[in-house]
Enquirer: 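Provided herewith is a single structure, encoded as structure tokens, for subsequent inquiry.
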Amino acid sequence: MADPALGARFLKAKRALFDKKYSRLNKEQREAIYCIHGPLLILAGAGSGKTTVLVHRVTHIVRYGNAYASERIPEDITEQTVETLEKALSFPPEALDGILSAFAEDACPPWAVLCFTFTNKAANEMKERLSATLGEQSADDIHAGTFHSVCLRILRREGERVGLRSGFTIYDTDDTKRLLRDCLAALNIDEKLLSIKTVQNAVSRAKEQLLTVEDYDAEAGGDYKLQMAAKVYREYQKRLLENNAVDFDDIICKTVELLQNHEQVRSYYQHRYKYVCVDEYQDTNHAQFVLISLLSGHYHNVMVIGDDDQSIYAFRGATIENILGFDRMFRDTHTIKLEQNYRSTGNILGAANSVIARNVGRHRKRLWTEQGDGEKVLVKKLETQNLEARYIADEILRASAGGKRPLSDFAVLYRTNAQSQALESAFTRSGLAYRVLSGTRFYDRKEIKDVIAYLCLINNPADNVRLKRVVNEPKRGIGNTSLAAVEQIAQAEGVSMFAVMENASKYIALSRVAPNLAGFVTLIHSLAKLSTNVSLPELFRETIEQSGYHAMLEAGGEAERDRLENVDELISTAVEYEQNNPEATLAGFLEEVALVSDVDQYDRDADAVVMMTIHSAKGLEFPVVFMPGMEDGLFPGHRSMNDASEMEEERRLAYVAITRAKQKLIMTHARERLMFGSTSYNPPSCFIGEIDERYLERAEEPTARQRTDFYTRSAGSTGRTELQRDVFRPRTAPKELFSIGDRVVHASFGAGTVLSVKDMGGDTLYEVAFDTVGTKKMMATYARLRKE
DNA sequence: CACGCTCTGCCTGCG
DNA sequence: GCAGAGCGTG
């Protein structure tokens with residue numbers, strides 16, 4: 001037996017070495033990494049290095065297992081070994097890996113670690129960072145993915161046990177809507193009584209709560225509306241089954257059902273995954289919580305990380321109670337709070353803290369920083385939304401002029417997508433390069449969904465929802481009446497609509513449209529045949545050609561040009577997919593498309609101001625952040641203002657927005673604003689009032705007359721007053737006139753050549769071909785061009 | 001069956 | 001203020 005004093009020195013040296021390895025992290029972060037057994041809740045405030053902790057912890061588990069906490073002392077330990085270890089303490093952290101690996105104990109194989117994320121983007125980021133620390137080989141074995149992709153993988157293997165037939169398709173929210181519309185029609189329910197949106201939400205909430213049709217029916221009780229919703233839910237599930245389809249919620253709750261009811265399957269996965277990690281835990285719903293509990297049911301090594309203060313998705317079913325009550329749901333939970341912020345200045349954090357402190361339902365946290373106070377948060381009142389937009393554009397031009405800051409330093413974060421309109425036009429006029437992260441995602445575009453629907457049909461002709469979507473797109477003379485007849489026969493005979501169409505001539509009811517139906521059937525047959533022997537891009541091209549979809553868009557001329565481009569873009573994604581997957585199949589492509597619906601829009605390298613909703617900004621950070629529309633009725637939204645829990649969610653949203661800013665935050669509000677076509681006069685947001693004044697700087701406002709003056713006269717009109725000049729004065733030389741062919745320089749676009757010059761209402765519109773950023777149009781007053 | 005007119009309702013949105 | 005859906009007519 002070794003000398004106890006020597007053993008103690010060994011343990012001390014070992015732990016000191018680990019601390020040294022992670023010396024760039026703070027104490028709480030290190031604690032999170034070392035704590036690998038049992039339930040762990042990490043409350044990670046905004047900007048507290050959440051991802052770093054997550055990645056390091058997984059890496060640590062795989063490399064060293066329980067090495068840090070272990071009390072084990074090697075039998076053969078000698079004075080000399082301990083001395084070597086103690087000496088190693090002076091090594092740089094990077095040089096310690098070799099020594100530390102000798103301490104490894106119960107290191108976990110990578111394939112036994114499961115990490116859940118919410119978005120594909122987060123999953124990819126995690127995989128990338130794990131590759132960087134662990135090496136590609138091990139990182140690839142770690143199962144990191146979205147809830148949906150992980151569950152789908154399980155369902156593809158075991159789905160038959162919960163009533164899914166192999167090759168089932170996935171319906172997105174739009175397909176779901178279409179199917180629900182059919183259900184309402186079949187049940188003779190007026191959409192005015194029970195809107196599609198309402199049932200869609202009801203069904204989705206029900207599934208997130210793991211309520212079956214029977215449960216829901218029972219809960220409806222005497223409530224007529226709920227009873228109707230229950231009927232629709234029942235019909236909807238029946239039809240999903242007929243179409244061999246699942247919706248997004250089914251992917252989760254069918255997996256839960258599978259694990260709950262099939263001991264063998266449950267046991268397999270429980271033993272397979274030794275460690276379960278969940279990112280953004282505040283966004284999980286009840287079904288996901290149950291899933292996590294089931295999967296971690298054997299080893300109980302479940303770690304969740306998140307920030308209750310950033311829970312902003314209650315409206316889509318997330319239950320903040322999951323993170324608030326984690327320690328009650330999992331016995332012997334260890335909780336760690338990460339409160340040191342590495343992102344923002346003191347004033348910005350002060351503002352964030354004072355707003356969020358008003359919420360009642362939260363874990364108490366207070367962000368702090370070692371950085372200085374920085375600049376105060378600027379609050380600026382403007383007269384109208386257009387002036388607000390111009391103010392922002394002007395401030396950005398000023399702050400970026402002469403390359404002081406790249407445009408990518410600036411972000412404009414707003415509550416609603418509609419707010420981007422005014423901003424965009426102001427930015428265009430100022431010649432500011434900008435990017436809008438819009439609400440409609442690539443795969444949500446109508447033209448893309450149409451082409452995909454054709455492809456789904458080739459892959460699975462039983463898919464009635466997709467069939468109905470494209471059967472008359474472009475027009476083929478197959479209207480609703482004929483379609484209804486087809487559907488009725490299909491229902492009566494218990495076959496798919498496509499099967500009825502294949503034999504259309506057999507049915508008297510269809511005699512009139514039979515030739516049209518036959519044309520469509522021939523199209524799908526011929527494409528299906530093609531799909532077996534040509535490449536995916538080739539198949540896509542043939543699909544849009546033969547279906548007449550391409551011709552239809554071309555006939556649309558200028559108006560449809562974007563759509564045409566998007567369709568071409570889809571073909572490019574097929575090319576890419578084939579390059580990445582040697583065994584590319586149509587079914588595989590469609591599956592990926594169903595779950596990967598965001599082509600990551602945000603490119604942080606592009607030199608452009610970025611604008612987006614606060615929701616989409618979660619997880620991002622920017623040196624300078626503008627928050628326009630800080631008005632009661634807009635933010636917080638008028639629907640939330642008389643509901644305490646909704647107000648708390650809006651407040652968390654404000655907290656998310658504020659904590660995106662690293663150095664400078666500017667909040668603006670407009671006295672009058674166009675909402676739904678009419679003018680509203682909104683008071684400044686109550687959230688501004690909740691910020692302690694010592695963190696604020698209120699910009700003084702020009703008088704009403706002066707402002708109106710500026711607004712009513714268009715930029716550069718002959719009647720410009722001194723004041724207007726003062727507000728929007730060009731920062732470079734006074735307006736100079738250029739002609740075609742002149743070489744000019746723009747503050748943010750660099751050098752270029754003037755292509756055209758056009759007089760426009762006293763101002764001049766230049767079209768300039770820049771050497772590096774392409775051709776742009778801009779008004780002289782705002783472009784501030786200089787001679788090269 | 002297709003087109004055009006009127007009516008409604010509208011925040012945020014991952015898979 | 002605008003888009004999508006419902007409805008009536010050619």
Side-chain angles (χ1 to χ4, degrees), chain A residues 116-123 145-152 170-178 181 185 190-192 195-198 200-201 204 207-208 246-253 255 279-280 283-285 287-288 311-318 413-422 437-441 443-444 446 471-484 512-513 516 591-598 600 612-619 629 633-641 646 649-650 652-654 656-657 673-679:
Chain A
F116 283 114
T117 64
F118 269 85
T119 64
N120 292 300
K121 196 177 151 204
T146 62
F147 277 97
H148 291 89
S149 73
V150 171
C151 287
L152 191 66
I170 300 162
Y171 281 176
D172 67 13
T173 31
D174 188 68
D175 303 316
T176 292
K177 244 183 211 139
R178 286 163 187 264
R181 179 162 299 132
D190 189 349
E191 273 185 48
K192 281 180 194 106
S195 74
I196 303 276
K197 240 186 141 165
T198 312
Q200 188 175 25
N201 263 308
S204 184
K207 291 185 177 180
E208 283 160 359
V246 294
D247 63 21
F248 285 136
D249 299 310
D250 281 338
I251 295 178
I252 313 290
C253 63
T255 308
D279 191 13
E280 305 281 11
D283 291 337
T284 50
N285 59 40
Q288 286 158 339
S311 160
I312 53 174
Y313 286 111
F315 73 92
R316 71 176 192 211
L413 309 180
Y414 37 73
R415 178 71 238 267
T416 69
N417 280 306
Q419 288 170 258
S420 72
Q421 290 294 318
L437 299 207
S438 71
T440 27
R441 293 166 297 163
Y443 289 106
D444 279 346
K446 183 190 179 300
V471 72
N472 207 28
E473 192 80 28
K475 302 270 179 288
R476 295 190 178 88
I478 305 172
N480 286 329
T481 332
S482 318
L483 223 45
R512 211 162 59 85
V513 280
N516 296 350
E591 177 143 307
E592 183 157 305
V593 161
L595 289 188
V596 181
S597 47
D598 61 336
D600 191 5
M612 66 184 98
T613 62
I614 301 170
H615 281 94
S616 19
K618 200 174 82 164
L634 184 61
F635 188 25
H638 59 97
R639 294 144 177 268
S640 314
M641 290 186 63
E646 282 187 42
E649 176 138 328
E650 295 283 302
R652 292 191 290 266
L653 196 54
V656 168
R673 178 178 301 274
L674 230 56
M675 285 170 95
F676 303 138
S678 58
T679 312

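In this text, all values refer to a predicted model and were calculated from it rather than measured experimentally. Residue numbering restarts at 1 for every chain, and letters A, B, ... go by the order of the sequence lines.
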Enquirer: Separation of A/Lys177 atom NZ from B/dG13 atom C1', in whole Å?
Expert: 11 Å

Enquirer: Considering only C/dA5, B/dC1, B/dG15, which nucleotide approaches the side chain of A/Arg181 most closely?
Expert: C/dA5

Enquirer: Let's see if you can work this out: which of B/dG13, B/dA2, B/dC14 has an atom nearest to the side-chain heavy atoms of A/Lys475?
Expert: B/dA2

Enquirer: Just compare C/dG1, B/dC1, B/dT12 and give me whichever is closest to any side-chain atom of A/Leu674.
Expert: C/dG1

Enquirer: On the 0 to 90° scale, with breaks at 30° and 60°, tag the A/His615-A/Tyr313 ring pair as parallel, tilted or perpendicular.
Expert: tilted

Enquirer: Which of the following nucleotides, B/dC3, B/dC11, B/dG15, is nearest to the side chain of A/Thr416?
Expert: B/dC11

Enquirer: Are A/Phe248 and A/Thr176 packed together at the side-chain level, in the sense that at least one heavy-atom pair is separated by less than 4.5 angstrom?
Expert: no

Enquirer: Over how many whole Å does the gap from A/Arg652 atom CZ to B/dG13 atom P extend?
Expert: 17 Å

Enquirer: Which part of the nucleic acid, if any, lies within reach of A/Thr173 when heavy atoms closer than 4.0 Å are counted: base, sugar-phosphate only, or nothing?
Expert: base

Enquirer: Could you check how far CD of A/Gln419 sits from P of B/dC10, rounded to whole Å?
Expert: 18 Å

Enquirer: The side chain of A/Glu646 is closest to which nucleotide in this list: C/dG6, B/dC11, B/dG15?
Expert: B/dC11

Enquirer: Give one of base, sugar-phosphate or nothing for A/Glu191, where a contact means two heavy atoms less than 4.0 Å apart.
Expert: sugar-phosphate

Enquirer: Does any nucleotide pair with B/dT12 by Watson-Crick or G-U wobble geometry, both distances under 3.5 Å, and what is it?
Expert: none

Enquirer: State whether A/Asp283 and A/Lys618 are salt-bridged, where the test is any N-O pair (Lys NZ or Arg NE/NH1/NH2 against Asp/Glu carboxylate O) under 4.0 Å.
Expert: yes

Enquirer: Side chain of A/His615, heavy atoms from C-beta onward: which of B/dG13, B/dC11, B/dG15 has the nearest atom to it?
Expert: B/dG13

Enquirer: If you check the A/Leu595 side chain, which of B/dT12, B/dG15, B/dC14 turns out closest?
Expert: B/dG15

Enquirer: Whole Å only: how far is the CD atom of A/Gln288 from the P atom of B/dG15?
Expert: 12 Å

Enquirer: Whole angstrom is fine here: how far is it from CZ in A/Phe635 over to C1' in B/dT12?
Expert: 10 Å

Enquirer: Grab the CG-C1' distance between A/Asp247 and B/dC14 for me, whole Å please.
Expert: 14 Å

Enquirer: Determine whether A/Ile170 and A/Leu152 make a side-chain contact, defined as any pair of heavy atoms from C-beta on separated by less than 4.5 Å.
Expert: yes

Enquirer: Which whole-number value in Å describes the distance from A/Asn120 CG to B/dG15 P?
Expert: 4 Å

Enquirer: Which part of the nucleic acid, if any, lies within reach of A/Asp283 when heavy atoms closer than 4.0 Å are counted: base, sugar-phosphate only, or nothing?
Expert: nothing

Enquirer: Would one find a side-chain N or O of A/Ser616 under 4.0 angstrom from OP1 or OP2 of B/dG13?
Expert: yes

Enquirer: How far apart are the closest heavy atoms of A/Ser149 and A/Leu595, and which atoms are they?
Expert: CA-CD1, 3.8 Å

Enquirer: Please state whether the phosphate of B/dC11, meaning OP1 or OP2, lies under 4.0 angstrom from any side-chain nitrogen or oxygen of A/Arg639.
Expert: yes

Enquirer: Give a yes/no verdict on base stacking between B/dT12 and A/Phe315: centres under 5.5 Å, planes within less than 30° of parallel.
Expert: yes

Enquirer: Closest-nucleotide mapping onto DNA chain B: is A/Arg512 or A/Glu208 further toward the 5' terminus? I mean the 5' end.
Expert: A/Arg512

Enquirer: Please pick, from B/dT12, B/dC1, B/dC14, the nucleotide with the shortest atom-to-atom distance to any side-chain atom of A/Arg316.
Expert: B/dC14

Enquirer: Assign A/Gly637 to base, sugar-phosphate, or nothing according to its heavy-atom contacts below 4.0 angstrom with the strands shown.
Expert: nothing

Enquirer: If you pin A/Asn480 and A/His638 to their nearest nucleotides in DNA chain B, which one's is more 5'?
Expert: A/Asn480

Enquirer: OP1 or OP2 of B/dC11 versus the side-chain N and O atoms of A/Thr613: is any pair under 4.0 Å?
Expert: no

Enquirer: Starting at atom CZ of A/Phe676, determine the distance to atom P of B/dG9, rounded to an integer number of angstrom.
Expert: 12 Å

Enquirer: Does CG belonging to A/Asp174 count more than 12 external heavy atoms closer than 6.0 Å?
Expert: yes

Enquirer: Base, sugar-phosphate alone, or nothing: which one does A/Val150 contact when heavy atoms must sit under 4.0 Å apart?
Expert: nothing

Enquirer: Identify whether any heavy atom of A/Ser640 sits under 4.0 Å from a base atom; if not, whether one sits that close to sugar-phosphate; answer base, sugar-phosphate or nothing.
Expert: nothing

Enquirer: Between B/dC1, B/dC10, B/dT12, which nucleotide gets closest to the side-chain atoms of A/Asn417?
Expert: B/dT12

Enquirer: Donor-acceptor pair, A/Arg415 side chain versus A/Leu634 backbone, under 3.5 Å?
Expert: no

Enquirer: Should C/dT9 form a Watson-Crick or G-U wobble pair with both distances under 3.5 Å, which nucleotide is its partner?
Expert: B/dA2

